Amino acid sequence: MLDMKFIRENPEIVKNACRVKNFPDVVDDILSLDVRVRELKTITQTKTAEKNKLSREIPTATDKAPLIAKSKQIGEEIANDLAELDEKEAKLNDLLHRVPQIPSADAPVGADDSANIEVRRVGTPRTFDFTPRPQWELLDMNGWWMPEKIAGVCGTRTYCLCGELAELSLAIQTYVIQKLISKGFKYIECPPVTKPQAVFNAGHFMGSDLSIMNDDVFMLSGTDRCLAATAEIILNSLHADDILTENELPIKYAGFSTCFRKEAGAAGRDTRGLVRFHHFDKVEQYIFCRPEESDEMHEFLLNNLCEVVGDLELPYRVIANSTGDMGFNKVKQNDVEAWFPSENAYRELGSCSSIGQFQARRTNTRYRENATGEVKFVATLNNTGIALPRALVPVIENHQNADGSVNIPKKLQPLMGGRTKIGGKH
RNA sequence: GGAGAUGUCGCAUAGUUGGUCUAGUGCGCCACAUUGGAAAUGUGGUAUACGGGCAACCGUAUCAUGGGUUCGAAUCCCAUCAUCUCCGCCA
């Protein structure tokens, strides 16, 4: 959410954000509600002050009855005003949670991903001297998965990895975690089960009604819990209501969790191979920092993901996502896409996002500034570290050999017991 | 899952026959004084949010959370949550 004062003082900026991000403009409703809410607060507080004064006089008064009567009467007036205040404030609160984050000035403006800009391209897609196999053929011939079996047992959009590919998946995960630890991240194993409030805090959803997320989140039947779609949800709320010291910042967390998604809007898409499931494993980078250093941290996070993809020896490109494509809570977003030979296209492996103070307002995560002693909201950022099994797809497709074996990227070989390749006819 | 206990202003605590509690004390922290410097000591200060005000400042709320009783609640009632101890179950 945004700061009410900011909206009050910069309505045009906020209206513009609603426009370029494709969200309904509720700014005028907010402004008029805000005026009434403040009016009511002033009135009720003045009356309460009067009532408190009377209450203090009563114990020592000789004639208590008239004071009690007066106090009682003021109490009734306050109750009426409060009823209206509660209603108006709830409405205002809901609308405030429908205002999107202001996008960065350098973000491309556009309605959807067609307005995204390619920032840079690293590496060149390999030219094969044989006909490369798509991921599912490699998976089949090497016995690295059992799609029909798993679909039968667990349903659609689930997967299992078998044998050496499962080992490689674990090696990649370990590699990324170790890399992030070496860059100053604290590794956190996050629970996949959480409360809807934490999902709300992450700021992906609009409004203050938590029930709307039922369409997108797996609720655990008969409980008040749900399955988290990303470790970001847990990491973001890890300092809820804290006042951190400036010296603690930036806080860097590398969170691992299995992620659960309904993929309700993706029916029929990516049904073959290891691209899209109801569950997957992800190492997430997450940072709490001073707002002034947010841009610097964004580059840091983005670079970490680029390094990981580079270490996997994959051609990739970096995208600047447009205002319409970046989502409700984001200031800016850069997707990192790797080359998928079977699709003859670059596809997303991770997404680096600056959230500004949007999530921090929802979690009430603040820090005390050394110089001024002022308490301010922190800025938060997140990026993928690695998402599996999707990241395995470009790895096996780009590094495949004619015999169906797959070369292991050099940096991963130590974690694979020194092996240089897996699969094929040994 | 069963039984019991607890939850106070950074930490530790006082406060439970409702009203000098606008929450006391100790520690910590900050400032000043004292000192050649320090320790010790002394004095003062020490939260967050919101509303009002150019400002100094004033007001309101917060004693786990949410309700309730009352003119008035840290204190009484109800619900919820969390923590601890024991039992049960279990990777």
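Only this structure's heavy atoms are used, side chains among them; waters, hydrogens and symmetry mates stay out. What you see is a predicted model; the values in this text were computed from it and never measured. Every chain is numbered from 1 and lettered A, B, ... according to where its sequence line falls, protein lines coming before strand lines.
- Protein atom CG of A:Leu85 is 12 Å distant from nucleotide atom C1' of B:rU60, rounded to whole Å.
- The C1' atoms of B:rU8 and B:rG1 are separated by 32 Å, rounded to the nearest whole Å.
- Under 4.0 angstrom from either OP1 or OP2 of B:rG59 there lies no side-chain N or O belonging to A:Asn52.
- For the residue pair A:Glu307 / A:Asn303, a side-chain donor-acceptor distance below 3.5 Å is found, with atom types taken as modelled.
- Taking a pair to require two hydrogen-bonding distances under 3.5 Å in either a Watson-Crick or a G-U wobble arrangement, B:rU69 remains unpaired.
- Taking atom P in both B:rA61 and B:rU20, one finds a spacing of 15 Å when rounded to whole Å.
- With both ends at atom P, the span from B:rU75 to B:rG19 equals 11 Å, rounded to whole Å.
- The partner of B:rC29 is B:rG45, by the rule that a Watson-Crick or G-U pair needs both atom distances under 3.5 Å.
- Comparing B:rC50, B:rG19, B:rA49 against the side chain of A:Lys41 picks out B:rC50 as the nearest.
- Remark: B:rU35 base-pairs with no nucleotide; criterion is Watson-Crick or G-U wobble with both hydrogen-bond distances under 3.5 Å.
- Straight-line distance between the P atoms of B:rA79 and B:rC21: roughly 32 Å, to the nearest whole Å.
- Going from atom CG of A:Asp241 over to atom P of B:rU48 covers 14 Å, rounded to whole Å.
- Not one side-chain nitrogen or oxygen of A:Arg56 sits closer than 4.0 Å to the OP1 or OP2 atom of B:rU20.
- Using atom C1' as the reference point in both B:rA74 and B:rU65, the two lie 15 Å apart (nearest Å).
- Using a 4.0 Å heavy-atom cutoff across all strands shown, A:Ile58 reaches at least one base atom of the nucleic acid.
- A:Asn80 and A:Glu84 share no donor-acceptor pair across their side chains, judged by distance under 3.5 Å alone.
- Note: A:Phe358 and A:Phe328 have perpendicular aromatic rings, judged against thresholds of 30 and 60 degrees for the angle between ring planes.
- Between A:Lys51 and B:rG72 there is a side-chain polar atom (N or O) within less than 4.0 angstrom of OP1 or OP2.
- Counting any heavy atom pair closer than 4.0 Å across all strands shown, A:Arg36 reaches no nucleic acid atom.
- The distance from atom CG of A:Asp63 to atom CD1 of A:Ile58, rounded to the nearest 0.5 Å, is 11.0 Å.
- The OG1 atom of A:Thr48 lies 3.5 Å from the CD1 atom of A:Ile78; values are rounded to the nearest 0.5 Å.
- Here A:Glu263 does not pair with A:Arg261 in a salt bridge; the nearest charged N to carboxylate O distance is not below 4.0 Å.
- Across the interface with RNA chain B, nearest-nucleotide mapping of A:Asn364 and A:Leu67 shows A:Asn364 to be the residue nearer the 5′ end.
- Pairing of B:rA74, defined by two Watson-Crick or G-U wobble distances under 3.5 Å, is not identified with any nucleotide.
- For the pair A:Leu96 CG and B:rA49 C1', the computed distance is 15 Å after rounding to whole Å.
- With a 6.0 Å radius and a threshold of 12 heavy atoms from other residues, nucleotides or ligands, A:Met146 has its CE atom at or below the threshold.
- Rounded to whole Å, the P atom of B:rA14 lies 32 Å from the corresponding atom of B:rU70.
- Comparing B:rU60, B:rG51, B:rA49 by their nearest atom to the side chain of A:Ala49 picks out B:rU60.
- A:Asp242 has its CG atom 18 Å from the P atom of B:rA47, to the nearest Å.
- Base-pair partner of B:rA3: B:rU85 (Watson-Crick or G-U wobble, both distances under 3.5 Å).
- Among the atoms of the strands shown, only primed sugar atoms or phosphate atoms (P, OP1, OP2) are found under 4.0 Å from some heavy atom of A:Ser71.
- Listed candidates were B:rU48, B:rG59, B:rC71. Nearest to the side chain of A:Gln45 is B:rG59.
- Nucleic acid contact for A:Arg366: sugar-phosphate only, since backbone atoms but no base atoms lie under 4.0 Å from a heavy atom of the residue.
- The distance from atom CG of A:Leu40 to atom P of B:rC50 is 18 Å, rounded to the nearest whole Å.
- Looking only at side-chain heavy atoms (C-beta outward), A:His239 and A:Glu248 stay at 4.5 Å or farther from each other.
- A:Phe377 places its CZ atom 12 Å from the P atom of B:rU48, with the value rounded to the nearest Å.
- A gap of 14 Å separates the C1' atoms of B:rU62 and B:rU22, to the nearest Å.
- Judged by Watson-Crick or G-U wobble contacts below 3.5 Å, the nucleotide B:rG24 has B:rU13 as its partner.
- Residue A:Arg368 has a polar side-chain atom (N or O) positioned under 4.0 Å from OP1 or OP2 of B:rU48.
- At B:rC71, one or more side-chain N or O atoms of A:Lys72 fall inside 4.0 Å of OP1 or OP2 (strictly under the cut-off).
- Between A:Ile243 atom CD1 and B:rA49 atom P the separation is 7 Å, expressed in whole Å.
- The separation between A:Ile43 atom CD1 and B:rG59 atom P is 19 Å, rounded to whole Å.
- The gap from the P atom of B:rU43 to that of B:rC27 amounts to 12 Å, rounded to the nearest Å.
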